[in-house]
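Below is one structure, written out as structure tokens; comments come after it.
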Amino acid sequence: MNRLQVAIKNIVSVSLLLGLVFSGQLLAEEDIKKSFDMEPGGLLKLDTDIGSIEVNSHSKNRVDVQVEIDGLDADEFEVSFKQNGDKLVIKGDRKGGGWGSRKVHFEITVPKEFNLDMRTAGGSIRVDDLKGEVLVNTSGGSLYFGNIEGQIDGHTSGGSVTVDGAKGNVEVRTSGGSLTLGDIDGDVYGRTSGGSIRLGAVSGETNIATSGGSIRIEDAGGKVKAKTSGGSVDITISRQPKGDSEIATSGGSITARLAEDIAVTLDARGQKVRSEFEVNGETSAKYKLKGPINGGGPELELHTSAGNVYIKKK
């Protein structure tokens, strides 16, 4: 190896070494840990420019907070804390001009009975095992709620929403994802602009709509308003409705499964309508079948513009 080759090799080695050194300096990592004595029934208010959020509960009268920050500009993200009696306010602020390449994750543990009001401009939110009001909003990420005893109000501009069991009213909205809602002991309001909707058992009223997906309701306990512009609808009604229901789709079939003793006044419209219940002595019709089932009751509208309607015995 001549002198020129040796010199080039040395320059390359030094450059690589310097690159590693500077990368090591810039790939900063920060781990913030805080604890606050707080009684059950308090409020956590979290507002952050970026970051995912995870909240769990424990039996202690304390709020534990851990914030993990890493990336090329981790030192340009600032977290502040302010406690005022039963209220804890956490803020996450980016000091740099851009988003950078940082990653932020909030992991918080609160007393079992606690209230949440949280917002992130970019990240998913997960809340598990809590008794209290839960209000969350994210500009880009999925939402998950598990075993919540209290009202849920969740909004995301770009992700799916999952509720895995809740006692209380549920209101969820997404501009780009599916809604998967398990057993809900309360009323349900759900909206999505681009995904399917699937519900478990709902004890209260149901009001749901999607612009581009199918709808499935496994057990509707109250009156139902469900609409989709691009999919099929499958609904089971096992208890006597206390109000009128409207189910409609512009681009699919409708299947309604009714308990044998349910009394409703049917208004079914589609390309074909077939029923396992007699309606004015008929069980099928072209375009429309209207009349009482088991003597009549609250109105049950089943309307599709481009599909068939099937009414079956559960």
Side-chain angles (χ1 to χ4, degrees), residues 163 166 169-170 172 178-192 195-314:
V163 179
N169 295 337
V170 173
V172 289
S178 60
L179 302 181
T180 304
L181 313 179
D183 294 348
I184 309 296
D185 188 2
D187 298 337
V188 172
Y189 178 94
R191 292 291 186 274
T192 173
S196 61
I197 301 178
R198 180 165 182 171
L199 276 69
V202 181
S203 68
E205 298 180 7
T206 299
N207 187 330
I208 55 176
T210 173
S211 299
S214 61
I215 293 177
R216 181 180 178 87
I217 305 174
E218 295 180 359
D219 189 1
K223 64 179 183 180
V224 178
K225 187 173 183 179
K227 184 177 181 180
T228 174
S229 301
S232 61
V233 180
D234 191 310
I235 179 172
T236 297
I237 303 175
S238 59
R239 287 162 284 179
Q240 177 62 37
K242 296 180 180 179
D244 297 340
S245 296
E246 303 174 32
I247 293 92
T249 175
S250 301
S253 62
I254 297 176
T255 301
R257 309 171 196 275
L258 312 181
E260 290 195 36
D261 60 346
I262 281 181
V264 293
T265 298
L266 181 68
D267 181 358
R269 301 179 187 181
Q271 299 300 308
K272 293 180 180 179
V273 181
R274 295 182 179 179
S275 173
E276 294 182 358
F277 297 86
E278 281 196 1
V279 181
N280 292 328
E282 298 181 349
T283 57
S284 65
K286 191 174 183 180
Y287 302 131
K288 183 169 69 173
L289 185 61
K290 189 173 182 179
I293 293 177
N294 291 327
E299 190 168 33
L300 176 60
E301 291 187 9
L302 306 173
H303 294 176
T304 174
S305 303
N308 300 328
V309 178
Y310 305 95
I311 300 98
K312 299 184 177 183
K313 294 182 179 180
K314 178 178 177 299

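As the structure is a computational prediction, the values presented were derived from the model and not from experiment. Hydrogens, waters and symmetry mates are skipped; everything else that's a heavy atom, side chains included, is used.
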Is there a side-chain contact (heavy atoms from CB on, under 4.5 Å) between I217 and D234? Walk through the geometry before answering. CA-CA 6 Å; I217 305 174; D234 191 310; over 6 Å; no
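- In this structure, CD1 on I215 lies 9.0 Å from OG on S232, to the nearest 0.5 angstrom.
- Summarising the geometry, atom OG1 belonging to T180 is positioned 12.5 Å from atom CZ belonging to R216; distances are rounded to the nearest 0.5 Å.
- With a 6.0 Å radius and a threshold of 12 heavy atoms from other residues, nucleotides or ligands, R257 has its CZ atom above the threshold.
- Proximity of a side-chain donor or acceptor of N169 to a complementary backbone N or O of D187 within less than 3.5 Å is detected.
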Name the atoms and distances for all side-chain donor-acceptor pairs under 3.5 Å in residues 280-299, with sequence neighbours left out.
{"from": "N280", "atom 1": "ND2", "to": "K290", "atom 2": "O", "distance (Å)": "3.0"}
{"from": "N294", "atom 1": "ND2", "to": "E260", "atom 2": "O", "distance (Å)": "2.8"}
{"from": "N294", "atom 1": "ND2", "to": "I262", "atom 2": "O", "distance (Å)": "2.7"}

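- Under the 4.5 Å side-chain criterion, counting only non-hydrogen atoms from C-beta, T249 is not in contact with H303.
- Across every non-hydrogen atom of I197 and A209, the tightest pair is CD1-O, 3.5 Å.
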Please report the C-alpha distance between V273 and V279 in whole Å, then the side-chain angles of each, then the deciding distance to 0.1 Å, and finally whether the side-chain contact (heavy atoms from CB on, under 4.5 Å) criterion is met. CA-CA 11 Å; V273 181; V279 181; over 6 Å; no
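- Scanning all heavy atoms of the two residues, the minimum distance from A201 to D183 falls at N-OD1, 3.1 Å.
- Residues E218 and R198 are paired through a salt bridge, judged by an N-O separation under 4.0 Å between the basic side chain and the carboxylate.
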Can you check salt bridge (Lys or Arg N to Asp or Glu O under 4.0 Å) on E301 and R269, steps first, answer last? CA-CA 8 Å; E301 291 187 9; R269 301 179 187 181; over 6 Å; no
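- Put simply, CG on L300 and OG1 on T265 are 9.0 Å apart, with the number rounded to the nearest 0.5 Å.
- Put simply, NZ on K225 and OG1 on T206 are 13.0 Å apart, with the number rounded to the nearest 0.5 Å.
- Between I247 atom CD1 and T255 atom OG1 the span is 11.5 Å, to the nearest 0.5 Å.
- Counting all heavy atoms, side chain and backbone alike, A306 lies closest to S250 at CB-O, 3.8 Å.
- Nearest approach of A220 to I235, heavy atoms of both residues: CB-CD1, 4.3 Å.
- No hydrogens or angles considered: a donor-acceptor pair under 3.5 Å links the side chains of Y310 and N308.
- Minimum heavy-atom separation, A268 to I311: CB-CD1, 4.3 Å.
- By the 4.5 Å heavy-atom criterion applied to side chains, D267 and L302 are not counted as neighbours.
- No side-chain N or O of D219 forms a donor-acceptor pair with one of T236 less than 3.5 Å apart.
- In this structure, the side chains of P241 and K223 stay at 4.5 Å or more apart for every pair of heavy atoms.
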Residue pair I184, V163: steps toward the side-chain contact (heavy atoms from CB on, under 4.5 Å) verdict: CA-CA 8 Å; I184 309 296; V163 179; 3.7 Å; yes
Go through Y189 and I208 one step at a time and tell me if the side-chain contact (heavy atoms from CB on, under 4.5 Å) criterion holds. CA-CA 6 Å; Y189 178 94; I208 55 176; over 6 Å; no
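- A side-chain N or O of D185 and one of S203 form a donor-acceptor pair less than 3.5 Å apart.
- Taken from CD1 in I254 to OG1 in T228, the straight-line distance is 10.0 Å, to the nearest 0.5 Å.
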